[in-house]
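Have a look at the structure below, then the notes.
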Amino acid sequence: MIKEKETRIIQHYFELDRYEEAVPSIEKLFTNDPLDPDAFYYMAVVHFSKCDYESARKMCEQALYNGFDSVPCYYLIGQAYEEEGNFQGAEEAYLSALELEPENGDILASYGYLMVKVGFEDKALQLLEEARRVAPSSERVNQLILQYYFAKSDQNQQLLYIQKVMESASSEIVVLVNLGFFHALKNEDKAAMEYFRQAFLQDPTNTDLLKILEEYNQLTHPLFFPQRVIKKAGGPAIIYTLFMVIAILLFFLKQYLVLLPFAAIYIVLCIYTWITPFFYKRFLNGKI
Amino acid sequence: MEKYELYRVMIERDPENAQAWFLLGEECLEQNQLAEALNAFSLSMKDHKMKNLVITSLRKYLLESEPETVLEPEPEPELELETELETELEPEPEPLPVQLKLIQGKVVSIEERLPKKVTFSNVGGLEELKKTIDMKIIKPFVNPGLFAKFRKKSGGGILLYGPPGCGKTFIAEATAGECGATFYPIQIADILDPYFGVSEQKLRDVFETARANRPAVLFFDEVDSLGYSRSKAHSEHTSTLVNTMLAEMQSIHTGMDKLLVIGATNMPWDVDAAFKRPGRFDKLVFVGPPDQEARKVIFKLKLAGKPVENGLDLNLLAEKTKHFSGADIENVVENAIENIIVEIIENGAERLLRMEDLLQIIENTKPTTVEWLNTIKNYIKFSNQSGLYNDAAKYLKENYL
C-alpha cells in the first residue's frame, strides 16, 4: 500500500513537471525496498530534469538491472547521452530500445533528430518519416519533425508542422508557443509577442520564453522607432549608402547650407541608435 | 432486565425523553455496562436539568466502585518466599557507568499535549500584512453583522502567495487562531490515493469534516499542486481533482458561513484560473519576505538558548539580511553554530557565538527569495492587467527594484 500511495504522489508531481518535489516520495520507496526498480527509474527522471545526466544514466542502468521495463530505460539513457554530447552512446541506447519496440514513434523521432545533429540528413529524414507513419498524432514526433524543418530553414514545412504540433499538443503552453512562432515566421511581431506573452504567463519560470519576450519588448518599444524604420528601409548599410550618396551630391552641388544640417541629423541618428540599447537596458528594462 | 426493557420501550416511543435516558443510564450502571450508561447519560443531558442528577449518579457509582479497586488481594506468604529466593539466587547486576536518576516530573495534562493555539501575537513584525489579513479575513469572519448588513459574505477563500520559507503556513495558523476556529491543515499526500475516485472522495470528506466542525479554517498547503492549472496539466486526473475542489468551494459560497478556506502557494501562476474568480479564492494576499522588525524577532528566537556573546546587535543583523526569508535566517544561525563547533573541535578552545560569526555567514549567503522575486517581477511586468498581484508589485517597487 505504501508503494501504491507514494507512486501516485510521484506520478502526480511528474504530471505537473515538478520532478524535484517527488523526491521525498521516491526516498520513501527506497526505504520500503532499497532495490525497488521503479524508485531507481523515477530518480533517474529527477536527475535528468536537473540536467544531471550522468546520475540519470547510472540510476537508469540500476533500474534496468533491477528489472524495470527496458524500453523507457534505454530511451532515457539515450536522451541523457544525447544531452551530454555522446552521440555514439545515444545511438546505441536508441537502437537497443528500438530492437525491443521497433514501432515506437517517439524513439524513432528522437533517433532521427540525433541523425540531424550528426549530419546524416537522409537517414534523419527517413527515420522521421517512419516516426510520422507509426505515430502521426504524437506531440513529440511532430515537435522533432518541426525542429528538423527549422534546422533546414524550410518555411512552408515549418508552418505545416507548427499546425500539426498544435493539433497534437497536450498542454496549452505548447499551442501558444507554436502560435507565437507561426506569427513570428510571418513577420507579425505584435501577434507573435502576444502569444509568447500568454505562454510566458503559463510558465513564468521559462527563461527561454522570457528572453524572446524581452527581445520583442525591445523591438516594439517607442524608443526603438528609428531602428524599426531603418530595418524596414533595408538596414543600416542601405541608410549609410544613401547618406553618402546624398552627401556627395550636395557637396558637388555646393549646397553646404543643406549638407551641414543633413550631416548633423545623420550623426545624431547614428549616436541615437548606438546609445538607445544601453539606455533601454540601464533605465527601462526590468521595470514594472 | 425488566426495567431495562421498559426504559427502552419508553425511549423508542419518545427518543427525546431525557428522564427515560437517565433511568436507562442508571440501570446500565447497576449492570456495570459503563459504556452504555455513559451514552444514555450524555443523551439525557440534552435536557440541562438532568445534568446535576447525572453527576450525582456517576459520583455515587464511582464512590461505590472505589473500594473494589483499592482492595487488592494480599500476596500469599509462600509465593513471596519463592520470589525472595529467586532474587537471592540471581547475580547482582553490574552498576551502570552512569547513575540513572528518576526524573522528578509532574503529571502531564492533556492540555499541554494539545497543539498550542497560534495567534498574531506569535508573529513578529509584518504589521502591514497582519492589518491586511485582519481587515480582509478576520473582521468579516468574527463580526459578520456589519458585513451581513451590506450583504457581504464572511468566509470563503483566501490565497496566500509569496516566496518559500516566509511563513505562509504560520500566518494561516495564526489567522485561524485569531478567528477562534479549528485549523485543518491539508497536504497533497492526505488527498492523493492510488485508486480511482478515492482522491476526490477524500477531498469531499475533508470539506465535510470542516463543515461539521464550524467555525473552521481549512488550510491547503501547496494548493498549486492540488488545484493545478487544467490547461497546463498533462492528464485527466488533475482535472477531476480541480473540479471537485471547485465544486466544494462553490458550495461554501452558496450556503455556508464560518468556514474559511486558505490556500498557500509559491507559484500562484500555476493555480487554475477558476480558483481566482469570485466565490473561490477571491482574495489574494501577498506574504513577502519578513520586514526588518520581523527579521529581528526571528533572529532573537533562533538564537534563544544558544551560547551567544552578550550585546549581539539584532538591529544590525536584521538590517544586513534584507530579502532573507525566515528559513534563510535559521540557516544563517545554524551555519554559524556549525562553524564554531568545527573551530572548537580543531582548536580545543571553547568560545561563544559572536557577532562577526553571524555577519561572515550573512555576507556569504544569498537570500533564497531573490529567484522568486525575479520571477514574480517578470510575471507582473508582462501580465498584471487584472491587478491581481498589486500588493506584490507594491512590495517590489518599495523594496526590490
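Throughout, a chain's letter reflects where its sequence line sits, starting with A, and its residues are numbered from 1.
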Under 4.5 Å from a heavy atom of chain B, the part of A/Glu21 involved = side chain
Take atom OH in A/Tyr195; do more than 12 heavy atoms of anything else shown fall under 6.0 Å from it?
-> no
From OG (B/Ser199) to CZ (A/Arg8), nearest 0.5 Å | 5.0 Å
Would you mind checking which part of B/Leu192 comes under 4.5 Å of any heavy atom in chain A, side chain (CB onward), backbone (N, CA, C, O), both or neither?
-> both
Side-chain (A/His12) to main-chain (B/Ser225) donor-acceptor, under 3.5 angstrom = yes
For residues B/Ala189 and A/Lys5, report the shortest heavy-atom separation together with the two atoms involved.
-> O-NZ, 2.6 Å
Below 4.0 angstrom, N of the basic side chain to O of the carboxylate: do B/Glu222 and A/Arg18 qualify?
-> no
Nearest-0.5 Å distance that lies between atom CH2 in B/Trp269 and atom CZ in A/Phe200 | 9.0 Å
Step through the shown structure and confirm whether more than 12 heavy atoms of other residues, nucleotides or ligands are within 6.0 Å of NZ on B/Lys202.
-> yes
Under the side-chain contact (heavy atoms from CB on, under 4.5 Å) criterion, do B/Lys381 and A/Glu214 qualify, and how do the steps go?
-> CA-CA 11 Å; B/Lys381 184 180 166 187; A/Glu214 295 283 9; 3.1 Å; yes
Distance, nearest 0.5 Å, that separates CG of A/Leu213 from CG of B/Asn378 | 9.0 Å
Which pairs of donor and acceptor atoms, one on a side chain in residues 201-208 of chain A, lie under 3.5 Å apart (sequence neighbours left out)?
unit_1   : atom_1 : unit_2   : atom_2 : d
A/Gln202 : OE1    : B/Ser231 : OG     : 3.3
A/Asp203 : OD1    : A/Thr205 : N      : 3.3
A/Asp203 : OD1    : A/Thr205 : OG1    : 2.5
A/Asn206 : OD1    : A/Asp208 : N      : 3.1
A/Asn206 : OD1    : A/Leu209 : N      : 3.2

Let me know if A/Leu210 has heavy atoms under 4.5 Å from chain B in its side chain, its backbone, both or neither.
-> side chain
For A/Phe30, look at atom CZ and say whether over 12 heavy atoms of other residues, nucleotides or ligands are found less than 6.0 Å away.
-> yes
